[in-house]
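Read through the structure below, which is laid out as structure tokens, and then see the notes.
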Amino acid sequence: MNGNTIIFYMLAALAMVSGLLAVTSRQIFRAAVFLLFSLIGVAGLYFWMEYNFIAAVQIVVYVGGITVLIIFSIFLTQQAGELLPKQKAGRQLMAALAAFCGFALVLLQVLQHNFKITVQQPAPDMTAIGTQMMGIDEWGYALPFEVISILLLAALVGCIVIALPAPKEEAGAGI
Amino acid sequence: MQPGLYHILFISTALFFIGVYGFLSRRNLITMLMGIELVLNSVNINFIAFNKYLWPGRMDGLFFTLFVIAIAAAEAAVAIAIIINLYRSHQSIDVEEAEALKY
């Protein structure tokens with residue numbers, strides 16, 4: 001039980017416990033803050049696996065971007081201090097049952113499968129990541145990168161169009 | 001015992017089904033979106049873990065994770081635009097209230 005192991009279990013507990021609280025808390029703002037801690041725990045797991053770039057991206061995009069977006073939308077749509085309505089017990093039970101059965105099934109498959117773990121290599125450095133991402137050779141990712149940029153542009157335009165106020169309809173304007 | 005691939009797979013499985021539970025048991029659109037974010041995160045953990053332990057020296061899992069994060073950001077932005085628009089027209093973001101398209 002060295003420090004590495006202890007840090008791993010702490011990060012795992014942070015990610016799972018706060019994830020569980022995020023989906024069960026009845027105060028929606030608290031749920032958003034627990035989601036934030038869960039995402040930080042996942043970023044810590046990336047740091048633990050020495051994928052520093054992915055951890056930084058996770059913190060910037062998820063923790064700094066998506067969670068703040070969710071918190072803003074909570075401010076815009078929820079009344080202060082109002083609890084989420086209690087769900088029917090049957091629905092809660094069925095959801096828990098479905099989640100637990102899926103969990104057991106997947107875990108059984110994972111534990112039965114014998115993964116051939118290869119020799120550890122140092123995590124890729126930033127230069128290699130950048131070169132391969134912009135590469136146009138056999139292992140390059142230039143084309144998916146461009147496709148993603150088009151997708152982001154489409155999402156941007158789509159958000160603006162959706163969020164525009166609806167045009168006022170003239171009463172009695174027969175067209 | 002040094003934590004390895006199986007420990008990480010356990011965490012990602014747990015996070016995935018926590019997200020599924022949140023998606024199924026909640027009726028508020030924002031909290032359902034939080035469940036989806038947890039599911040996407042667990043997928044990312046899987047990609048990174050498989051890249052580290054089963055595909056060393058290469059970076060395909062890393063790039064898949066980057067692209068999944070980008071798509072998740074776009075998805076969250078569009079979803080929140082839709083949610084706010086729905087709130088403007090229905091004064092509620094409960095999925096039980098949003099049934100104008102149903103009949």
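Here is the naming used below: chain letters follow the sequence lines, and residue numbers restart at 1 for every chain. Keep in mind the model is a prediction, meaning the values are calculated, not measured.
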Under 4.5 Å from any heavy atom of chain A - which part of I45(B): both
Y46(A) side, atom OH; T65(B) side, atom OG1 - distance, nearest 0.5 Å: 6.0 Å
Residues E96(B) and R91(A) bridged, charged N to O under 4.0 Å: yes
Best-contacting candidate, I28(A), V147(A), L152(A), L151(A), against chain B by heavy atom pairs under 4.5 angstrom: I28(A)
Option in L39(A), I66(A), V110(A) with maximal non-hydrogen atom pairs under 4.5 Å from chain B: I66(A)
For chain B, the option from A98(A), G158(A), A31(A) that forms the most heavy-atom pairs under 4.5 Å: A31(A)
Contact summary for A77(B) and L69(A), nearest pair of heavy atoms: CA-CD2, 3.8 Å
Considering all heavy atoms, the nearest Y6(B)-N114(A) contact: OH-CA, 3.7 Å
Listed partners of Q58(A) passing side-chain hydrogen bond (donor to acceptor under 3.5 Å, both in side chains), at least two apart: N41(B)
What donor-acceptor contacts under 3.5 angstrom involve side-chain atoms of residues 11-23 of chain B, with partners at least two apart or in another chain?
| residue | atom | partner | partner atom | Å |
| --- | --- | --- | --- | --- |
| S12(B) | OG | L9(B) | O | 3.1 |
| S12(B) | OG | N46(B) | OD1 | 2.7 |
| T13(B) | OG1 | L9(B) | O | 2.6 |
| Y21(B) | OH | Q92(A) | OE1 | 2.8 |

Closest contact, heavy atoms only, Y62(A) versus I69(B): CE1-CG1, 3.9 Å
Beyond-backbone contact of T31(B) with R26(A), side-chain heavy atoms, under 4.5 angstrom: no
Side chain to side chain contact (heavy atoms under 4.5 Å, CB included) between F8(A) and I8(B), intermediate numbers included: CA-CA 9 Å; F8(A) 173 81; I8(B) 297 170; 3.9 Å; yes
